[in-house]
J.: 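First the structure, which I've put down as structure tokens, then a few questions once you've had a look.
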Amino acid sequence: MTERLRTLLAPFDDGGAAPVVTRADLIWRKPDHRWTIRYTLAGDGDEILGKMYRDAGSGRWVHEIMRWLWDYAASGSPELGVPRPLGWIPELSMLVYLPVGGRVLGDAILDERAATYMDLAAAWLSALHRSGLPLDRAFDVGNELANLRAWSSIVGDRYPDEAAAADRISRRLSERSSELGAESGRPIHKDFHYQHVFVTDRASVIDFDEFRLGDPNFDLAHFCAYLTLLGCRLPAMADVLGRHRDRFLVAYSRQAGWHMDGRFPVFYAYSCLKIARQLCAGTGVLPRPHADEQRRQTSAMLAAGIASLDGGLPGAS
Ligand SMILES: Nc1ncnc2c1ncn2[C@@H]1O[C@H](COP(=O)(O)OP(=O)(O)O)[C@@H](O)[C@H]1O
Ligand SMILES: [Mg+2]
């Protein structure tokens, strides 16, 4: 790895000693898909990340996206922080990039600067949505309705008492499919949540595997649904988190001229069912609950999804 990194890092050479990898830690994996490894270098202990893909085409595609966004941010959109791409190693099927600075929003959201962090996250998202990032993949309503049906049956298998709630979301979204597909031409992240956002004096966002063209409401509602999950995990903080969510939506609205309409609740309900499925499968954002807590969170997310379809929107201010 030292040898390979030497080649990738050569363009950034500042005349110092060649980088030597002293440590490699597997920090994250999506079983059967991708593995994220942190490499520590000798000397100051600088770190480099390598994301290894089972499917080389997907990794190469993400590398192109990261490069485009990095250049775009450098040419006048500093609010759009992204990891600095270092290169693609075909023999390892590995995307190599630098860690972003700052703290993950999931930790930072409970401190006193949280309102500012919500503004930064909104500014990042608004910059992405108006960026014109060229993408050759689009949100496919038929495919997503099939996902929703599959997720609903996973939830029903795990918790038969919740089968009706999960099925209700899936069916109602199928009836409202025209809203899911109303806007299909804007670049979206599609996995925008508090563990993929890092904050300092700006927001930087990671994990571009789900990028595609679609509806900006998807990212907004997805982000808010994960805040609802966080509030469910930290009930004493639920009100505070609700205010942060409102702040995020107001900030985005100001930046992007966005107004709440019927599309937000459908994407919110979609995200709630996605989260319920992750809870049942033991995947999704950490910490993953077990036993009674797993069931309680699943039930709460399904209830939040149904409430949004019934007009009980989270933070529609
Ligand atoms: N550029 C980065 N800066 C800091 N941490 C990162 C960065 N990229 C990945 N990570 C860490 O690695 C984890 C997995 O990365 P991610 O790209 O989300 O992989 P996956 O697609 O498998 O979810 C993240 O949750 C984060 O903790
Ligand atoms: Mg991820």
J.: Could I get the full list of salt bridge (charged side-chain N to carboxylate O under 4.0 Å, His left out) partners for Asp215, not counting sequence neighbours?
T.: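 Applying salt bridge (charged side-chain N to carboxylate O under 4.0 Å, His left out) to Asp215 gives Arg263.
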J.: Minimum heavy-atom separation for Trp35 and Arg54, please, with both atom names.
T.: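 Closest approach of Trp35 to Arg54, heavy atoms only: CZ3-N, 4.0 Å.
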J.: Over all heavy atoms of both residues, which pair between Asp191 and His196 is shortest? Give the atoms and the distance, please.
T.: O-ND1, 2.9 Å
J.: Output every pair passing side-chain hydrogen bond (donor to acceptor under 3.5 Å, both in side chains) with a member in residues 98-111, not counting sequence neighbours, ordered by first then second residue.
T.: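 Applying side-chain hydrogen bond (donor to acceptor under 3.5 Å, both in side chains) to every pair that reaches into residues 98-111, excluding sequence neighbours, yields Arg103-Asp111.
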J.: Is a side-chain N or O of Thr22 found less than 3.5 angstrom from the main chain of Thr40, in a donor-acceptor match?
T.: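 Side chain of Thr22 to backbone of Thr40: a pair is present.
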J.: Charged N to carboxylate O below 4.0 Å: is that the case for Asp167 and Arg172?
T.: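 Here Asp167 does not pair with Arg172 in a salt bridge, since their nearest N and O are not under 4.0 Å apart.
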J.: Give a yes or no answer on whether the side chain of Ser184 reaches the backbone of Gly214 with a donor-acceptor pair at less than 3.5 Å.
T.: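 Side chain of Ser184 to backbone of Gly214: no pair is present.
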J.: Which ILVMFWY residues can you reach from Leu145 by hopping between side chains whose heavy atoms are under 4.5 Å apart?
T.: Phe139, Val141, Leu148, Trp151, Val155, Ile169, Leu173, Leu180, Ile188, Phe218, Val266, Phe267, Tyr270, Leu273, Leu302, Ile306, Leu309
J.: For residues Gly81 and Trp124, report the shortest heavy-atom separation together with the two atoms involved.
T.: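 The answer is O-NE1, 2.8 Å.
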J.: Kindly indicate, with the supporting measurements, whether the criterion side chain to side chain donor-acceptor pair (under 3.5 Å) is fulfilled by Asp25 and Tyr39.
T.: CA-CA 7 Å; Asp25 297 283; Tyr39 296 101; over 6 Å; no
J.: Measure centre to centre between the rings of Tyr226 and His222, then say whether the value is under 6.0 Å.
T.: yes
J.: When rounded to the nearest 0.5 angstrom, what is the spacing between CG in Leu213 and CG in Leu135?
T.: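 If we round to the nearest 0.5 Å, Leu213:CG and Leu135:CG are 5.0 Å apart.
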J.: Regarding Lys190 and Asp209, does a basic nitrogen lie under 4.0 Å from an acidic carboxylate oxygen?
T.: no
J.: Just wondering, do Tyr252 and His129 contact through their side chains at under 4.5 Å, heavy atoms?
T.: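 Yes, at least one pair of side-chain atoms sits under 4.5 Å.
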J.: Please check: side-chain N/O of Ser253 versus main-chain N/O of Trp258, any donor-acceptor pairing under 3.5 Å?
T.: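 Side chain of Ser253 to backbone of Trp258, a donor-acceptor pair under 3.5 Å: yes, one is there.
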J.: Determine whether a donor-acceptor pair (N or O, by modelled atom type, separation under 3.5 Å) exists between the side chain of Arg212 and the backbone of Glu210.
T.: yes
J.: Set out, in order, the CA-CA distance, both residues' side-chain angles and the distance that settles salt bridge (charged side-chain N to carboxylate O under 4.0 Å, His left out) for Arg186 and Asp219, then state yes or no.
T.: CA-CA 11 Å; Arg186 305 275 296 282; Asp219 286 335; over 6 Å; no
J.: Output yes when a side-chain donor or acceptor of Thr200 lies under 3.5 Å from a complementary backbone atom of Gly102, and no otherwise.
T.: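 No; judged by distance alone, with no hydrogens or angles, the pair does not exist.
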J.: Using a strict 4.0 Å threshold on nitrogen-to-oxygen distance, state whether Asp32 and Lys30 make a salt bridge.
T.: no
J.: If you count every heavy atom of other residues, nucleotides or ligands that lies below 6.0 Å from Arg296 atom CZ, does the total exceed 12?
T.: yes
J.: In plain terms, say whether Arg4 and Glu91 are close enough for a salt bridge, that is, a side-chain N and a carboxylate O under 4.0 Å apart.
T.: yes
J.: Suppose the criterion is side-chain hydrogen bond (donor to acceptor under 3.5 Å, both in side chains): which pairs have a residue in residues 280-292, not counting sequence neighbours?
T.: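 Applying side-chain hydrogen bond (donor to acceptor under 3.5 Å, both in side chains) to every pair that reaches into residues 280-292, excluding sequence neighbours, yields nothing.
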J.: In terms of side-chain geometry, is the basic nitrogen of Asp119 or Arg247 positioned less than 4.0 Å from the acidic oxygen of its partner?
T.: yes
J.: Is it true that a side-chain atom of Arg158 and a backbone atom of Arg295 form a donor plus acceptor pair closer than 3.5 Å?
T.: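 Side chain of Arg158 to backbone of Arg295, a donor-acceptor pair under 3.5 Å: no, none is there.
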J.: Donor-acceptor pair, distance only, cut-off 3.5 Å: does the side chain of Ser153 make one with the backbone of Ala150?
T.: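 Here the side-chain-to-backbone pair exists.
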J.: Looking at Arg130 and Glu79, is any side-chain nitrogen of the basic one under 4.0 Å from a carboxylate oxygen of the acidic one?
T.: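 Salt bridge between Glu79 and Arg130, a charged N being under 4.0 Å from a carboxylate O: yes.
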J.: Specify the closest pair of heavy atoms between Cys280 and Gln294, including all atoms of both residues, with the distance to one decimal.
T.: O-NE2, 3.7 Å
J.: Would you please name every residue forming a ring-ring contact (aromatic ring centres under 6.0 Å, His included) with Phe211, sequence neighbours left out?
T.: His189, Phe208
J.: Could you list the cluster mates of Val20? Members are the ILVMFWY residues connected by side-chain heavy atoms closer than 4.5 Å, either directly or through other members.
T.: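 For Val20, no cluster forms, as it stays isolated from other hydrophobic side chains.
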J.: Check whether Ser75 reaches the backbone of Tyr72 with its side chain - one donor and one acceptor, N or O, closer than 3.5 Å.
T.: yes
J.: With a sphere of 6.0 Å drawn around CZ of Arg137, does it hold more than 12 non-hydrogen atoms of other residues, nucleotides or ligands?
T.: yes
J.: Strictly distance-based, threshold 3.5 Å: is any side-chain N or O of Asp140 a donor or acceptor partner for the main-chain N or O of Gly142?
T.: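 Indeed, once roles are kept as given, a pair shorter than 3.5 Å links the two residues.
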